[in-house]
Amino acid sequence: MTLSLAPHVARVGLPGQGILIDGRWRTTESAWTHIHPATGEAIGEFPVASESDVDSAVRAARTAFDEGTWPRARATTRIKTLHRYAALLREHADELRALQALDNSVPLSFGGIYATSVEAAADVFEHHAGWIDKAGGETLPPYQGGDHLALTFREPLGVVAAILPWNAPFLLYAQKVAPALAAGCTVVVKPSEYATFTVLRMVELLHEAGLPDGVLNVVTGPGDPTGEALVTHPMVDKVSFTGSRAVGRRIVEASAGTLKRVSLELGGKSPTLVFPDAPDIGLAAMTTMGTVTMGLSGQACVAHTRALVHRDCYDEFLAAAAMLAGAITYGDPFDPTVLAAPLINPKQLDRVIGYIDRGKDSARLVIGGSKVDGVGNFVQPTIFADVDNTAELAQDEIFGPVLAVVPFGDEDEAIRLANATEYGLGAGIYTTDNRRAFRVARALRAGTVGINGFQVEPHLPFGGFKQSGLGREGGRSAFEAYTELKTVLMPLTDELM
Ligand code: NAD
């Protein structure tokens, strides 16, 4: 492909003012050059925050938490700020979608799909704004005797380090920043080095919405040194991380020194279970394959990359999945007919091609199986059939457009195969039998189970069983995860003694 995104860079403009500390944009000593995954061209530069830059950002957040107005603000102040911000996000949706295309090459055609859209991010801010005036506690009677009441309060947790992956910056930024700010915390955000410009612009807009200085700070740069400096900093109270399992483990280790609170949204190997009585086998196949190809080319935590298909509908499923795979278009993310993104960097491209090459020795290749010729990290949508559920194709999070199809004979076997994984993020069930749908949904060890469809929405808890994570984002439990519960014992006497 001989394509240059330079005209789009000139038209959209990159937010490159620096890192944000205590309301001021600062430059740093070194910079990161962003290489676009579809064109291989240098798109622009952003600062790399050193250990001492990160220290300044955390100290600003600490001071804003210990002494500032935000944690102590009236509910209406926080509610109005978050609502103003949601409106600004919606106003700037086209610009943000364009920036995302310049960052991670997610096509504009996909930027409008609800779960990963700017609109969903705005909804997340409004959803969490709704909890601010409902953050009540309980009033409890004495247990053993005595003349007192116990009152519980939800108080803001403190300084939050929010570390983001590259693949869905609108939603994943919102899922952390919105509940943290709603709860009255202060935040240091670290975007992924592969989706920085989008997040920098979202942070600029947050300041336009009137957030006080120091409440949200942003440090940019890679995992080492920027991320490491943040997760090991003793003044951080909580690390909220979305990303790979390997880095998630590192964050748990790094948090041990000061016993930081940790929430982790990690990877998955989510299964789709397709029964012969599915409402539409072809649609089930195309929906499953869609999560593995369209938009992010399988680089989505909850992509249903493992299809467990009953032998009675196996061939029909494969034919429909292959039809969709053959129709996927890739290339210029600004071309409205382009449906899929490239892999994010050459390292990930090599990793995925390695899985595909090894897979050819152990399973039946149905379609795809190669890098797309030309510039860019594009890989053909690929389907392997007759995969052994213990093989790496069925067990590892490949994070590319690769579907592993495993046959099964009955419901018990399907459940056993589905649960035979170290992950537990999502699952899909396709059947018209209501009793079976409910039975299987309860038996699956996964955070979100969709019956004849799958959706991520701001008010729904989302997260993983097993090694897919710790905690949940979305809904009340996410808001509460940015609070500490305090109990106050109140004597029931005329005067306090
Ligand atoms: P990644 O783990 O490589 O990077 C995530 C973030 O961590 C980046 O900002 C990176 O710079 C930072 N980082 C790297 N090393 C670090 C360190 N030692 N200390 C602190 N920070 C460090 O992940 P990625 O490639 O950006 O994203 C893909 C992964 O994210 C996949 O595994 C995917 O499943 C997962 N993910 C999960 C969810 C979910 O909600 N469960 C959503 C999206 C993505």
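This structure is a prediction, so every number in the text was calculated from the model and none was measured. First listed ligand is number 1; within each ligand, the first listed atom is number 1.
- Annotation: His34 is not in aromatic contact with Phe46 [ring centroid separation under 6.0 Å not met].
- For Arg62, the side chain to side chain donor-acceptor pair (under 3.5 Å) partners are Asp66, Asp237, not counting sequence neighbours.
- Arg78 is linked by a salt bridge (charged side-chain N to carboxylate O under 4.0 Å, His left out) to nothing, counting only residues two or more places apart in sequence or in another chain.
- Closer than 4.0 angstrom to ligand 1 sit non-hydrogen atoms from Ile163, Leu164, Pro165, Trp166, Asn167, Leu172, Lys190, Pro191, Ser192, Glu193, Pro222, Gly223, Gly227, Glu228, Val231, Phe241, Thr242, Gly243, Ser244, Val247, Arg250, Glu265, Leu266, Gly267, Cys301, Glu397, Phe399, Leu425, Phe462.
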Taking distance alone, no hydrogens or angles, what donor-acceptor pairs closer than 3.5 Å link side-chain atoms of residues 164-177 to residues at least two apart or in another chain?
residue	atom	partner	partner atom	Å
Asn167	ND2	Gln299	O	2.9
Tyr173	OH	Tyr85	OH	2.8
Lys176	NZ	Ser240	OG	3.3
Lys176	NZ	Thr242	OG1	2.7
Lys176	NZ	Glu473	OE2	2.7

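- Cation-pi geometry between Arg358 and Tyr355 is met: under 6.0 angstrom from the ring centre, within 45 degrees of the axis.
- Using modelled atom types, one finds no donor on one side chain facing an acceptor on the other under 3.5 Å when comparing Asp53 with Thr28.
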